[in-house]
Engineer: 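I have a structure I would like to understand better, so I am pasting it below and will then ask my questions one at a time.
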Amino acid sequence: MKKKLVVVGNGMAAGHMLEELFDRGNDEYEVTLFGAEPRVNYNRIMLSPVLSGDKTYEEIIIHDDEWYDTHNVKLVKGVKITSVDREAKCVISADGDKTPYDKLIIATGSNPFILPIEGHYLEGVVSYRDLDDVNLMLDASKGKGKAVVIGGGLLGLEAAAGLQEQGMDVTVLHLMPTLMDRQLDSAAAYLLQAEIERRGITVITRANTEKILGEDKVEGVQLDDGTKIEAELVVMAVGIRPNIELAKECGLMINRGILVTDHMQTSDPDILSVGECVEHGSECYGLVAPLYEMAKVIAANLDGDMDAAYKGSVTSTKLKVTGIDLFSIGDFSEDEGREGIILRDAAGGVYKRLVISDNKLVGVVLYGDTQDGNWYSQILKEERDISEMRETLVFGQNFQGGPPLDPTAAVAALPDEAEICGCNGVCKGKIVSTINEKGLTSVDEVKAHTKASASCGTCANLVEQLLSVTLGETYNPDAAKPMCACTTLEHGDVRRLIVAKQLKSIPAVMQELEWSTAWGCAKCRPALNYYLLAEWPGEYVDDNQSRFVNERMHANIQKDGTYSVVPRMWGGVTTAAELRAIADVADKFNIPTVKVTGGQRIDLLGVQKEDLPKVWEDLNSAGMISGHAYAKGLRTVKTCVGKEWCRFGTQDSTGLGIKLEKILWGSWAPAKVKLAVSGCPRNCAEATCKDFGVICVDSGYELHFAGAAGLDIKGTEVLCNVETEDEVVEYCTALIQLYREQGFYLERIYKWAKRVGVEKIQEQIVEDEALRKELARKFYFAQKFLQIDPWREYVEGKDAHEFKPLAPLAEEVV
Amino acid sequence: MAQENNWVEVCKLEDIPQRGSRRVRTGSLQIAIIRTHEDEVFAIEDKCPHLGGFLSEGIVHGSQVTCPLHNLVIELKTGEAVAPDTGCVKRFAIKKENGNILMDLREAAREAA
Ligand code: SRM
Ligand SMILES: Cc1cc2nc3c(=O)[nH]c(=O)nc-3n(C[C@H](O)[C@H](O)[C@H](O)COP(=O)(O)OP(=O)(O)OC[C@H]3O[C@@H](n4cnc5c(N)ncnc54)[C@H](O)[C@@H]3O)c2cc1C
Ligand code: SF4
Ligand code: FES
């Protein structure tokens with residue numbers, strides 16, 4: 001006699017399990033199948049095309065009546081099983097019928113989650129799970145009225161697109177800031193939202209539905225901010241819950257879902273479970289792929305092959321809305337040690353993001369071009385080592401030749417319109433033509449001329465390959481980039497050797513490091529002067545002749561040979577007396593232009609060279625010192641009004657800015673250093689684009705660094721949070737000292753950080769307290785020799801010759 | 001007209017810093033007197049062939065000076081711009097006598113005219 005196999009739930013998991021069983025040629029079982037739905041097994045995932053009208057129900061049937069006949073399956077349609085008598089080994093239906101089993105399979109799927117809010121029971125509120133729901137929606141859409149879909153996940157968006165196709169005016173409400181937040185990163189979600197909206201669907205994110213309005217029929221919804229949205233139809237697509245009612249009733253072990261072993265066995269060895277109702281290895285699944293794997297295991301086990309075991313699944317998501325190609329798999333959170341490869345083609349609407357950890361692919365988001373989704377899934381699931389094809393991975397399978405892989409071939413094959421630098425929107429054609437026209441030979445040059453890789457720098461590799469494709473053999477990426485034509489050494493080498501060989505003067509460096517010129521050039525001399533100054537504070541004697549004119553003159557040269565004078569205005573705060581003194585100076589020396597700078601202070605432009613010391617003298621006597629507007633060193637510290645006045649201010653941002661400026665002024669650095677302190681995250685002082693920035697918050701201070709807003713625009717990196725002003729000062733001085741020691745001449749903090757690594761800097765400043773304190777100490781030590789107002793020195797007569805032209809020579813009449 | 005020279009003292013050598021320069025005016029002409037590290041002295045018109053920058057404000061290296069405005073480099077021995085740039089500046093004869101720097105005023109005046 002055949003064993004009695006009873007299956008509860010005729011959904012996709014059950015259907016697939018039976019198919020697998022019969023495919024194995026097994027006919028040991030007499031199968032009885034109970035389905036609460038009054039129909040055969042159909043492809044639930046194709047309900048959306050039925051809703052949109054692209055398909056009919058008949059087209060999505062998986063097993064028709066004939067199939068059940070052929071396989072001797074007794075299908076009981078429209079009957080719900082309400083309990084299981086495990087002693088007697090039989091199932092009991094809603095109307096009391098008992099059916100005995102030898103083996104029982106519970107495949108009850110899941111239930112849509114209904115928000116328990118006011119009005120959820122009203123007519124016109126539907127969930128989205130089965131054909132009945134679709135039919136309800138299709139009926140409602142005949143009036144072509146307004147619909148609200150609660151939930152901007154996969155189901156909600158499919159429902160919204162379907163209803164919109166049916167002519168309804170649809171609004172999607174999503175609780176989270178971005179759509180499909182569990183499957184997509186924010187960039188892809190942005191593209192998705194733009195496309196959904198382009199179709200005429202309204203999307204409201206961060207929308208918390210408070211109640212559903214209406215008497216007995218739905219009339220609309222109300223959000224917690226009071227917004228009301230009219231609707232005749234409300235679709236709730238806010239998630240699913242494993243359907244564990246039956247298992248619970250008969251005392252099987254459950255958690256979120258029905259607990260099963262790798263053999264899909266419940267706590268009762270004669271009862272198995274499959275599908276969305278199960279919980280395996282603390283996971284509950286909501287997609288068909290894992291259910292199919294489970295179904296296969298059950299079928300094999302039932303057939304006597306106990307080797308088959310279920311080991312859990314990695315799921316991927318695709319959105320099935322015509323015209324939207326979207327794929328995601330794995331985990332794409334930005335954890336430490338993870339690296340992202342991003343390819344954007346703005347024109348083609350393509351966004352691809354691969355997340356890599358330990359040379360393995362761990363997450364993929366594809367938008368616009370999902371062709372390679374499966375290939376990536378494969379690589380991800382197999383945990384393949386991708387180091388060999390890292391460079392070309394993002395281009396997909398077609399670009400992968402047989403080994404050895406040639407990344408340049410992939411780049412060579414890209415069309416001219418392919419965007420290489422997403423940040424700055426530079427395409428391949430532009431880079432190649434600029435390389436050719438301008439004879440560029442390095443990534444830095446390409447950066448300078450096209451801005452490609454000038455921002456986040458993630459495309460530097462691609463640029464490098466384009467150089468190699470374009471220049472062929474002549475491109476040598478490893479060529480050392482010497483400081484200048486006078487040496488073959490790079491900046492880093494020179495800095496190291498200065499320390500190692502205790503070189504303390506420019507001639508010593510040039511002699512010991514075998515400079516090819518006697519006295520260097522305009523490139524290396526200012527750099528060497530700085531390196532020596534930074535390395536040997538108090539010992540090295542500054543070489544004025546190795547400084548650029550502005551630093552030599554302590555004023556900025558203008559195109560007509562006059563100078564500009566910018567006094568310090570601590571933290572952007574001034575007084576009537578200071579302003580009066582500035583006004584007097586302007587009058588007295590006929591200074592043509594008085595301008596407020598972008599750095600919160602005043603610039604006197606068009607000062608004659610010989611007047612400089614006199615202008616300074618007057619400013620000095622009003623208590624003002626040089627603003628170093630010309631310096632590779634501290635420029636300005638911008639502040640906002642902060643706590644003292646502003647209704648949002650959390651700390652004394654102005655006072656802190658002034659304090660920092662007073663501590664930092666006068667220090668020389670590889671390049672200019674700009675700071676800002678904002679009193680709250682509204683960030684009026686623009687601290688997030690500065691070399692070092694502070695954002696005051698209630699709990700203290702958020703420290704930022706490595707921002708820029710000049711040639712490159714770069715938002716800062718967060719260094720860490722601290723609680724007191726003293727800590728701000730300690731971290732800031734330590735960071736600047738580290739930069740003074742490691743930076744290459746003319747390399748601003750953001751470039752230095754990019755070169756050595758943001759994390760490396762954080763490690764040294766944030767994690768290593770001893771090092772931080774030592775760096776701060778060194779900074780203060782150096783300041784002892786540097787905080788001397790250069791204007792005062794000149795007023796007192798230093799280098800007077802600089803400002804005095806020689807007596808004019810009498811003109812001889814010939 | 002007689003082509004006599006008229007050497008006059010402009011300044012002393014030590015008035016010019018090593019690797020530095022001073023500016024001297026004669027009529028409408030501005031002249032940069034540049035002293036190299038090796039104490040050679042050159043006089044050139046203080047006007048960059050590019051956009052007229054004051055070469056007297058530039059960094060002096062070897063027998064060259066780099067314009068402070070956009071980095072054009074002038075070879076003082078020839079007055080020519082160093083490749084890839086092009087252009088040249090006027091040079092004036094200089095004499096050193098007992099630590100004094102002399103210039104031929106007549107030549108300068110001719111140029112200024
Ligand atoms: C005066 C001022 C413009 C103004 O009228 O507002 C100014 C004027 C000059 N800027 Fe600036 N910058 C001024 C604020 C800025 C700002 C705004 C800010 O600091 O908030 C920026 C963008 C922020 C940044 O630096 O990231 C800015 C980005 C630049 C850059 C690009 C730097 C970069 O690394 O990308 C240069 C070029 C350079 O330094 O190589 C530059 C260079 C210059 C120079 C020094 C050009 C030169 O070499 O002669 C100009 C000197 C003019 C003079 O004689 O005074 N200036 N400059 C501002 C002086 C602020 C001050 O009080 O000291
Ligand atoms: C609109 C929509 C689109 C989807 N799109 C995708 C997609 O693109 N990709 C993807 O992978 N997945 C998709 N899914 C999810 C996928 O459909 C489910 O993962 C899959 O159907 C689950 O199969 P199951 O057999 O576990 O549950 P179900 O298919 O839900 O089957 C369970 C069945 O059991 C019946 N039942 C429940 N309790 C009892 C009882 N006590 N007695 C008798 N019968 C009972 C239910 O009526 C139901 O018919 C989509 C789902 C929906 C609703
Ligand atoms: S940053 Fe904040 S505290 Fe400062 S002015 Fe702006 S809003 Fe006010
Ligand atoms: S003016 Fe001298 S380089 Fe431009």
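Lettering of chains follows the sequences in order, A, B, ..., and the numbering in each one begins at 1.
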Engineer: Just give me the residue among A/Pro526, A/Gly561, A/Ala522 that pairs up with chain B most often, heavy atom to heavy atom, under 4.5 Å.
Structural biologist: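 Going by pairs under 4.5 Å, I would pick A/Ala522.
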Engineer: For B/Lys96, look at atom NZ and say whether over 12 heavy atoms of other residues, nucleotides or ligands are found less than 6.0 Å away.
Structural biologist: yes
Engineer: Please round to the nearest 0.5 Å and tell me the distance separating atom CZ of B/Phe54 and atom NZ of A/Lys559.
Structural biologist: 13.5 Å
Engineer: Among residues 35-42 of chain B, which residues come closer than 4.5 Å to chain A, judged by heavy atom distances?
Structural biologist: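 B/His37, B/Glu38, listed by number.
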Engineer: Does any heavy atom of chain B fall under 4.5 Å from the side chain of A/Asp560, the backbone, both, or neither of them?
Structural biologist: backbone
Engineer: So which of A/Cys521, A/Gly520, A/Ser546, A/Cys486 has the largest heavy-atom pair count under 4.5 angstrom toward chain B?
Structural biologist: A/Cys521
Engineer: Would you say CD of A/Glu514 has more than 12 non-hydrogen atoms from neighbouring residues, nucleotides or ligands within 6.0 angstrom?
Structural biologist: no
Engineer: Need one label for B/Val60: side chain, backbone, both or neither, based on atoms under 4.5 Å from any heavy atom in chain A.
Structural biologist: backbone
Engineer: Can you sort out the partners of A/Thr470 under side chain to side chain donor-acceptor pair (under 3.5 Å), two or more places apart, ordered by chain and number?
Structural biologist: none
Engineer: Among B/Arg22, B/Gln30, B/Gln64, who wins on heavy-atom pairs under 4.5 Å with chain A?
Structural biologist: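 Answer, by heavy-atom pair count under 4.5 Å with chain A: B/Arg22.
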Engineer: Under 6.0 Å from the CD atom of A/Gln511, do we count more than 12 heavy atoms belonging to anything else shown?
Structural biologist: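 No, not enclosed.
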Engineer: Does any backbone or side-chain atom of A/Lys523 lie under 4.5 Å from a heavy atom of chain B? Answer side chain, backbone, both or neither.
Structural biologist: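 Looking at A/Lys523, nothing touches chain B.
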Engineer: Could you give the distance from CD1 (B/Ile59) to CD (A/Gln545), rounded to the nearest 0.5 Å?
Structural biologist: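 Rounded to the nearest 0.5 Å, the CD1-CD separation comes to 9.0 Å.
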Engineer: Quick one: list whatever passes side chain to side chain donor-acceptor pair (under 3.5 Å) with A/Glu551, sequence neighbours left out.
Structural biologist: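 Once residues adjacent in sequence are excluded, the partners of A/Glu551 under the side chain to side chain donor-acceptor pair (under 3.5 Å) criterion are A/Arg547.
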Engineer: Closer than 3.5 angstrom, by distance alone: can the side chain of B/Glu57 be matched with the main-chain N or O of A/Val549 as a donor-acceptor pair?
Structural biologist: no
Engineer: What pairs with B/Thr66 under side chain to side chain donor-acceptor pair (under 3.5 Å), at least two apart in sequence or on another chain?
Structural biologist: B/His61
